[in-house]
Amino acid sequence: MWKRAVSLLLAQLLLLCLTVRSLGAELEVAAPSAVLMEAATGTVLYEKNAHERLAPASVTKVMTLLLVMEALENGRITWDDTVIASEVAAGKGGSQVYLEVGEEMSMDEMLKSVVVSSANDCATALAEHIAGSEAAFVTMMNQRAQELGMNDTHFVNCTGLDDEPDAAEHLTSAYDIAVMSRELLKHDDIRRYTTIWMDTVRNGEFGLANTNKLVRFYQGTTGLKTGYTSAAGHCLSASAQRDGVEYIAVVLHCGSSGDRFQSAKQLLDYGFANYTLARPDPGTEIPPVPVILGMQETVTPVAARNDPILIEKSRQTAVTTRVEVDPEVRAPVEAGQRLGTMTLTADGEVLAEIPMVAPEDVARRTWWDLTCLLLRAVCFCGEET
């Protein structure tokens, strides 16, 4: 009898552990394909058909915008550039600001039009400005996708429009979109545009309204991009930040605009409710390491990195930081040389082990240095007697 009781108790405890560790299994979203990713660590907290290859519609422009931001950063183009609309750009359909052939627009207004109103004409004009043609720009898009490990992705245009014969080959996945969204969010300047609700271009003559309604209605929204075609359905890459934690929720092929926003909100709510970031305790004492025969007597190690750790909120107060360093090190010491380990634990579980390294070189004393030290010591002793 007692054996049966113990077995039942163990089964209940196992069930409890599984429930605690698989909270994501309780989440149900209407989106046929979805991903929730924490931006700082890239940790995936929820996925549903995350690698299914689907048409992304205008969410494609996340990659377009990423290449624009990288071109601005590396000097290929500048914020002072004026972008001129070609006949090809002006002829794009779908969402647009109705560029005329030869019309000039500032880099700022071009970007604003793409981000806020999903302007296909401006996206094409920017692609041509960077690469000379949309086709050349698409090659860059696919190369960058490969570099980011986006194995489910193949782009055929910079807009997501599916009115061309090869549109059936324009595919990506919820996971890959989260990856490129995370990369785009590393460029702080893009947030100046992705958080706009309403604005204007052309000296206030043309109004823009953000297609991402979360910007107005969801606390902490930082972006990012909507998309819709009849073939792709309603798509969204949404990002939001609260209390120093940012999440990316991607939903694809939703049946309605309401479904995509509701699904994204569910995912973001789940992340904010259940997880947070932990970092090493800044007050943790780090003991200096004696340096044998060094030009300085000790060296105080520093953490090799300060990457946050994603943890369940329920464990936040249980996180402890412990530092162990070598008892001594022999000179010469090179900057970056490992001298110990910082360990983060919670409830007895090791969350992370971070190398402690020398912040600078410490040279070895020469025989002449040692001789001079010895002579000084002898002279000092002689003066005391």
Closest heavy-atom pair and its distance - Leu208, Ser117:
CD2-OG, 3.2 Å
When rounded to the nearest 0.5 angstrom, what distance separates CG in Asn151 from CG in Leu148?
10.5 Å
Can Asn212 and Thr226 be said to form a side chain to side chain donor-acceptor pair (under 3.5 Å), step by step?
CA-CA 6 Å; Asn212 180 9; Thr226 59; over 6 Å; no
In the structure I gave you, are the side-chain heavy atoms of Met180 and Arg144 within less than 4.5 Å of one another anywhere?
no
Tell me every residue that passes salt bridge (Lys or Arg N to Asp or Glu O under 4.0 Å) with Arg76, counting only those two or more places apart in sequence or in another chain.
none
A side-chain contact here means heavy atoms from C-beta on lying under 4.5 Å apart; do Trp197 and Lys213 qualify?
yes
To the nearest 0.5 Å, what is the distance between CD (Glu147) and CG (Asn142)?
11.0 Å
How far apart are the closest heavy atoms of Ala231 and His253, and which atoms are they?
O-CE1, 3.4 Å
Co-members of the apolar cluster containing Val357 [side chain, <4.5 Å]:
Val302
Shortest non-hydrogen separation from Thr298 to Gln296 and the atoms involved
O-NE2, 2.9 Å
With sequence neighbours excluded, give me every side chain to side chain donor-acceptor pair (under 3.5 Å) pair touching residues 127-137.
Asp81-His129, Ser86-Glu128, Lys92-Glu134
Let me confirm one number: the CD1-CG distance from Ile196 to Asn210, rounded to the nearest 0.5 Å.
8.0 Å
Nearest heavy-atom neighbours spanning Ala131 and Met140
CB-SD, 3.8 Å
Criterion salt bridge (charged side-chain N to carboxylate O under 4.0 Å, His left out) on Glu169 and Arg53, from CA distance to verdict
CA-CA 10 Å; Glu169 301 173 15; Arg53 302 183 75 218; over 6 Å; no
Ignoring hydrogens and angles, tell me if any N or O in the side chain of Ser33 forms a donor-acceptor pair with the backbone of Asn49 under 3.5 Å.
yes
side-chain contact (heavy atoms from CB on, under 4.5 Å) evaluation trace for Asn120 with Leu161
CA-CA 8 Å; Asn120 295 314; Leu161 286 169; 3.7 Å; yes
Heavy-atom side-chain contact between Pro355 and Arg338 under 4.5 Å:
yes
I'd like to check the salt bridge (Lys or Arg N to Asp or Glu O under 4.0 Å) partners of Lys186; sequence neighbours left out, ordered by chain and number.
Glu183
Salt-bridged, Lys48 to Glu28, with N to O below 4.0 Å?
no
Does one hydrophobic cluster hold both Val62 and Val35, with members joined at side-chain heavy-atom distances below 4.5 Å?
yes
Main-chain N/O of Ser314 paired with Glu312 side-chain donor or acceptor, under 3.5 Å
no
Any sub-3.5 Å donor-acceptor pair from Thr345's side-chain atoms to Gly348's backbone N or O?
no
Go through it in stages, so that I can follow the logic: the residues are Glu324 and Arg322, the test is salt bridge (charged side-chain N to carboxylate O under 4.0 Å, His left out), and I'd like the CA-CA distance, side-chain angles, deciding distance and then a yes or no.
CA-CA 7 Å; Glu324 295 178 340; Arg322 183 179 75 255; 3.5 Å; yes
Beyond-backbone contact of Glu104 with Val83, side-chain heavy atoms, under 4.5 angstrom
no
Backbone N/O of Thr153 and side chain of Asp176: donor-acceptor pair under 3.5 Å
yes
Determine whether Leu224 and Val44 fall in the same hydrophobic cluster, where Ile, Leu, Val, Met, Phe, Trp and Tyr are linked whenever their side-chain heavy atoms lie under 4.5 Å apart.
yes
Might you confirm whether atom CG of Asn74 has over 12 heavy atoms from other residues, nucleotides or ligands at distances under 6.0 Å?
yes
In this structure, OG1 of Thr64 is separated from NZ of Lys225 (nearest 0.5 Å) by 10.0 Å
Any idea which heavy atoms bring Cys158 and Val138 closest together, and the distance?
N-CG2, 4.1 Å
Report yes if the distance between the aromatic ring centroids of Tyr270 and Tyr46 is under 6.0 Å, otherwise no.
no
Thr41 and Leu277: side-chain contact (heavy atoms from CB on, under 4.5 Å), yes or no, with the steps?
CA-CA 9 Å; Thr41 63; Leu277 293 175; 4.2 Å; yes
Measure from NZ or CZ of Arg242 to the centre of the six-membered ring of Tyr275, then state whether that distance is under 6.0 Å and the direction lies within 45° of the axis.
no
Is there a side-chain contact between Asp361 and Glu334 in this structure, where contact means two heavy atoms from C-beta onward sitting under 4.5 Å apart?
yes
Hey, could you give me the CD1/CG distance between Ile248 and Leu268, rounded to the nearest 0.5 Å?
10.0 Å
Would you check if Tyr218 and Asp269 make a side-chain contact, meaning some heavy-atom pair closer than 4.5 Å?
yes
Has the side chain of Arg260 got a donor or acceptor atom that lies under 3.5 Å from a matching backbone atom of Gly227?
yes
So, Thr60 and His170: side-chain donor and acceptor under 3.5 Å apart, yes or no?
yes
side-chain contact (heavy atoms from CB on, under 4.5 Å) assessment of Ser257 paired with His234:
CA-CA 6 Å; Ser257 183; His234 297 267; 3.8 Å; yes
Less than 4.5 Å apart, any side-chain heavy atom of His187 and any of Leu65?
no
Test of understanding: clusters of I, L, V, M, F, W, Y form through side-chain heavy atoms closer than 4.5 Å, transitively. Do Leu184 and Val114 belong to the same one?
yes
Apply the test side chain to side chain donor-acceptor pair (under 3.5 Å) to residues Ser118 and Lys61: give CA-CA distance (whole Å), side-chain angles for both, the deciding distance (0.1 Å), then the verdict.
CA-CA 8 Å; Ser118 197; Lys61 296 186 180 83; 3.1 Å; yes
Are there more than 12 heavy atoms of other residues, nucleotides or ligands under 6.0 Å from atom CG of Asn203?
no
Rounded distance (nearest 0.5 Å) linking atom OG1 of Thr300 with atom CD of Glu285:
10.0 Å
Would you say Arg365's side chain and Leu293's backbone share a donor-acceptor pair under 3.5 angstrom?
no
If you define the side chain from C-beta out and look only at heavy atoms, does anything of Leu27 sit under 4.5 Å from Leu267?
yes
Is the Trp79 ring parallel, tilted or perpendicular to the Tyr193 ring (thresholds 30°, 60°)?
parallel
Is it possible for you to say whether Leu66 and Val59 belong to one hydrophobic cluster, with membership spreading through side-chain heavy-atom contacts below 4.5 Å?
yes
May I ask you to decide whether Arg182 forms a salt bridge with Glu246, counting only side-chain N to carboxylate O separations under 4.0 Å?
no
Taking all atoms of both residues into account, what is the closest heavy-atom pair of Pro359 and Pro301, and its distance?
CD-CA, 4.4 Å
With sequence neighbours left out, the residues meeting ring-ring contact (aromatic ring centres under 6.0 Å, His included) with His51 are Tyr175
Would the distance check show the side chain of Thr321 and the main-chain N or O of Asp281 forming a donor-acceptor pair, the cut-off being under 3.5 Å?
yes
Please walk me through it: do Met295 and Arg364 pass side-chain contact (heavy atoms from CB on, under 4.5 Å)?
CA-CA 6 Å; Met295 291 297 290; Arg364 180 184 177 92; over 6 Å; no
Residues joined to Ile309 in its hydrophobic cluster, side chain to side chain under 4.5 Å directly or through other members, sorted by chain and number, are Ile286, Val289, Val291, Val299, Ile311, Val319, Val323, Val325, Val329, Val333, Leu339, Met342, Leu344, Leu351, Ile354, Met356, Val362
